[in-house]
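Here's the structure we're looking at; comments come further down.
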Amino acid sequence: MANFSKPRVPRFSAEVYQNTHLPEGGREVNAIVTVTATGGGTTGETPVPAFASPSPSSSPSGSSPAAAPDAAVVIMVDSSGSMEYPPTKMRNARDATAAAIDTLRDGVAFAVVSGTHQAKEIYPGGGRLAVAGATTRGQAKEALRKINASGGTAIGTWLRLADKLLASSDAAIRHGILLTDGRNEHEGPKELLTTLEACAGRFTCDARGVGTDWEVKEVTGIASALLGTADIVADPAGLAADFTGMMESVMGKEIADVSLRLWTPLGAEVRFVKQVAPTVEDLTGRRTEAGPRAGDYPTGSWGDESRDYHVCVRVPNAEVGQEMLAARVSLVLPAPDGSPPQVLAQGLVRAVWTDDLAASTSINAQVAHYTGQAELARVIQQGLELRKSGDLDGATAKLGRAVQLASRSGNDDTAKLLAKVVDVVDAAAGTVRLKAKVSAEAQMTLETRSTKTVRVKK
């Protein structure tokens, strides 16, 4: 049984890694911003954190928001007909959901949804959420026995019901856990996309595919749109451990709706903003305007953790010897009463023009590493698509490059997954041969986990 004490609120810090020097005529500034939330976790005592806005020039800096929020969680379990083949799949799904329910912290609002070509709330019912406690946990686990596998799959209906249920709660942390074993065959891609657009920013969602008959891009697309995680559980027997881990992570979240705010000076242009650790996620298109020359990029919910972001800004041209602030990066939390947001941490991205060739051509180690990690994710996905389409030469070239990048960066987990798809002749050179036979599990696992990154070796 999980520790049901309320979590403490973390403090945030932001550290900027970059080469500030640009050559004459240089205009592109790259920086890695490491955001760390610390001091979270659970405690039997509710703290009284102090908030202090950081000074504009401080880097790193930190502060604590005013209070630890409660949470609301909806578990969406695929109960379509395919979940009965083999019968152990549905049984494992019930057991996994029961394990997740046992991990809920006392006082957390929750519900369980059965998903087929329609969505049905099996607990507590009545379009409402239950409050986690010994009694309601037992009732919810008893209700799981009523789930029978039948019907089709329309994931958008599950998400819409989850959104409706979560919207009934005042909890700051609103989260969904979604399990599917098949393709979304009973609604069109546009319908699911419309649902994801409607739910984005309203709650986060982890998505899991069980077995090997589901569509990777559907599951990863759900997680990406809703700022959650995606993974494969090829063996249904592994569902309970995975669900427990997911729920423990949710219970460790202490603060929601944190945005990365990027301010740039007049004449500067944001080229992109990407999360690059622990996974690659392009946030560029999710910008919302936040005042003159400022934009917010969503980062979702935070617990005791650290993430890295790659910021690229195109600045106006300047003469050698000049210096400018290329961007101010802040972590902000919206105020519930509409007043100015709380600044949780802040870092500065600078540009200095120089005629020193060595200084201006040096690539910061963090920037170089994550540029490679983003390319690694991209070439894996491209290589697998080429393999599916029958372009074996193209697939060999892309996956060979992936092996080279994984080896160079020390991404051992990805290297092991690649070795199940290709025979590695020379990892350093990227020389590989495609395996004649590759299991669906090996290919889907590599594709699903292609965006997972490793941090720079110290």
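Below, all heavy atoms of this structure are taken into account, side chains as well, without hydrogens, waters or symmetry copies.
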Practice problem: Output yes when K452 and D413 qualify as a salt bridge under the 4.0 Å nitrogen-oxygen rule, no when they do not. | Solution: no
Quiz item: Without hydrogens or angle criteria, can the side chains of R287 and Y297 be said to hold a donor-acceptor pair below 3.5 Å?
Solution: yes
Quiz item: What pairs with R94 under salt bridge (charged side-chain N to carboxylate O under 4.0 Å, His left out), at least two apart in sequence or on another chain?
Solution: none
Quiz item: Nearest 0.5 Å, what's the OG-CH2 distance between S79 and W158?
Solution: 7.0 Å
Quiz item: Donor-acceptor pair, N92 side chain versus L239 backbone, under 3.5 Å?
Solution: no
Quiz item: Under a 4.0 Å N-O cut-off, is there an ion pair linking R137 with D106?
Solution: yes
Practice problem: Could you tell me whether the side chain of S389 and the main chain of L386 form a donor-acceptor pair under 3.5 Å? | Solution: yes
Quiz prompt | Note, V29 side chain near Q18 side chain (heavy atom, < 4.5 Å) | solution = yes
Enumerate, atom names and distances included, each donor-acceptor pair closer than 3.5 Å involving a side-chain atom of residues 271-279, sequence neighbours excluded.
{"unit_1": "R271", "atom_1": "NH1", "unit_2": "E28", "atom_2": "OE1", "d": "2.4"}
{"unit_1": "Q275", "atom_1": "NE2", "unit_2": "T279", "atom_2": "O", "d": "3.2"}
{"unit_1": "Q275", "atom_1": "NE2", "unit_2": "T279", "atom_2": "OG1", "d": "3.1"}

Quiz prompt | Cationic N near anionic O, under 4.0 Å, K253 to E305 | solution = yes
Practice problem: Decide whether N184 and T153 meet the rule of one side-chain donor and one side-chain acceptor closer than 3.5 Å. | Solution: no
Quiz item: Which pairs, with at least one residue in residues 189-206 and sequence neighbours excluded, count as a side chain to side chain donor-acceptor pair (under 3.5 Å)?
Solution: R160-T195, D163-R202, H175-T204, H175-D206, D206-T229
Practice problem: Quick one: list whatever passes side-chain hydrogen bond (donor to acceptor under 3.5 Å, both in side chains) with T36, sequence neighbours left out. | Solution: S306
Practice problem: Taking the side chain as every heavy atom from C-beta outward, state whether L325 and P265 have any pair of such atoms under 4.5 Å apart. | Solution: no
Practice problem: Answer yes when E281 and R286 have at least one side-chain N-carboxylate O distance shorter than 4.0 Å, and no when they do not. | Solution: yes
Quiz item: Under 3.5 Å, is there a donor-acceptor pair linking the side chains of N411 and S409?
Solution: no
Self-check item: Atom of L192, atom of L159 and distance for their closest heavy-atom approach
Solution: CD1-CD1, 4.1 Å
Quiz item: Which pairs with one or both residues in residues 76-121 pass ring-ring contact (aromatic ring centres under 6.0 Å, His included), sequence neighbours excluded?
Solution: F110-Y123
Quiz item: Does a salt bridge link R401 with E375, judged by any charged N lying under 4.0 Å from a carboxylate O?
Solution: yes
Quiz item: Side-chain donor-acceptor pair under 3.5 Å between S339 and D337, yes or no?
Solution: yes
Practice problem: Taking the side chain as every heavy atom from C-beta outward, state whether T299 and V35 have any atom pair closer than 4.5 Å. | Solution: no
Self-check item: Residues forming a side-chain hydrogen bond (donor to acceptor under 3.5 Å, both in side chains) with S301, sequence neighbours excluded
Solution: none
